Amino acid sequence: MKKNIIIYGLIAGIIVAAQCTFSINYMSHCKGNLDYDTSMIIGYASMLIAFSLVFVGIRNYRDKYNDGIISFSKAFKIGSLIVLIASTIYVVTWLINYYFFVPDFIEKYSAHMIDQLKTSGASTQEIEKQTKEMADFAIMYKNPFFNAIITYTEILPVGLIVTLISSLLLKKKEIKKSY
């Protein structure tokens with residue numbers, strides 16, 4: 001079981017890490033012309049692609065190592081561990097990229113959010129409130145522990161939803177044979 005979890009977790013992690021690195025490279029060459037909405041869609045799509053390996057990993061364990069039988073709880077455990085490995089790779093990749101390649105990301109993102117508020121016709125009070133919140137967040141985001149927690153909250157829920165669905169679809173109880 002461990003080998004199965006590690007292999008699928010590493011492959012899924014490599015997929016999301018590659019997307020993260022691609023996004024960072026893209027961001028660093030955009031010079032302020034970054035389309036954050038498109039980037040977010042691409043990011044979550046790559047997470048879904050990577051987490052499709054949760055389904056494959058659970059099915060592989062069920063069919064090759066467990067005689068075609070798996071409980072929901074066992075499937076959920078396997079899927080969750082695959083997701084945890086992939087998510088950790090994603091978080092580490094983001095932290096390396098953030099601190100070494102795009103340390104001004106949060107400032108650029110904050111400016112983008114404020115510009116969107118202004119464009120949407122938000123009141124001066126709303127803009128000032130959001131500006132203060134983003135400035136406070138930027139200070140907290142410089143802390144690697146806080147940064148990691150926020151990054152986990154981006155990816156873990158997606159993986160756990162895929163794990164839940166995969167576990168429900170793949171659970172198989174022992175078939176009783178009549179003699």
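Computed from a prediction, not measured in an experiment: that's the story for all the values here. Counting begins at 1 with the first residue of the sequence.
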Heavy-atom neighbours of N143 CG exceed 12 at 6.0 Å: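 Yes, CG of N143 has more than 12 neighbouring heavy atoms, counting only those of other groups under 6.0 Å.
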
K129 atom NZ, over 12 foreign heavy atoms within 6.0 Å: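 Atom NZ in K129 is not packed in, count stays at 12 or less.
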
Shared hydrophobic cluster, I70 / I7 (ILVMFWY, side-chain heavy atoms < 4.5 Å):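 Linked, I70 and I7 end up in one cluster.
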
Within one Ile-Leu-Val-Met-Phe-Trp-Tyr cluster: I78 and V158, side-chain cutoff 4.5 Å: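 Yes; V158 is reachable from I78 via cluster members.
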
[X] and [Y]: which non-hydrogen atoms are nearest, and at how many Å?
X   : Y   : result
I58 : A75 : CD1-O, 3.3 Å
G13 : I89 : O-CG2, 3.4 Å
T93 : A17 : OG1-CB, 3.3 Å
L10 : I85 : N-CG2, 3.9 Å

Check: Y141 ring centre within less than 6.0 Å of Y98 ring centre: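 Yes, the ring centres sit under 6.0 Å apart.
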
Short side-chain to backbone donor-acceptor contact, R62 and K171, under 3.5 Å: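 Side chain of R62 to backbone of K171, a donor-acceptor pair under 3.5 Å: no, none is there.
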
Flag, side chain of S80 to backbone of K77, donor-acceptor distance under 3.5 Å: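 No, S80 side chain to K77 backbone: no donor-acceptor pair under 3.5 Å.
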
Parallel, tilted or perpendicular: ring planes of W94 versus F105, cut at 30 and 60 degrees: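 Rings of W94 and F105: perpendicular, over 60°.
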
Geometric class of the Y109/H112 ring pair [parallel <30°, tilted 30-60°, perpendicular >60°]: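 Tilted: the ring planes of H112 and Y109 meet at 30° to 60°.
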
Rounded distance (nearest 0.5 Å) linking atom CG of L95 with atom OH of Y90: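 So the CG of L95 and the OH of Y90 are separated by 10.5 Å.
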
Gap between atom CD1 of I127 and atom CE of M134 - 0.5 Å precision: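 Taking CE in M134 and CD1 in I127, the distance rounds to 13.5 Å.
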
Test log, rule side-chain contact (heavy atoms from CB on, under 4.5 Å), inputs K142 and N147: CA-CA 7 Å; K142 299 252 184 244; N147 190 320; over 6 Å; no

Evaluation steps, side-chain contact (heavy atoms from CB on, under 4.5 Å), between F51 and I82: CA-CA 8 Å; F51 289 141; I82 292 170; 5.8 Å; no

Test side chain to side chain contact (heavy atoms under 4.5 Å, CB included) applied to I165 and L168, T163, L169, the passing residue: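 Of L168, T163, L169, side chain to side chain contact (heavy atoms under 4.5 Å, CB included) with I165 is met by L169 alone.
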
Worked check of side-chain contact (heavy atoms from CB on, under 4.5 Å) between M113 and S110: CA-CA 5 Å; M113 295 299 291; S110 296; 5.7 Å; no

Verdict with reasoning, F137 to I150, per side-chain contact (heavy atoms from CB on, under 4.5 Å): CA-CA 11 Å; F137 182 80; I150 294 299; 4.3 Å; yes

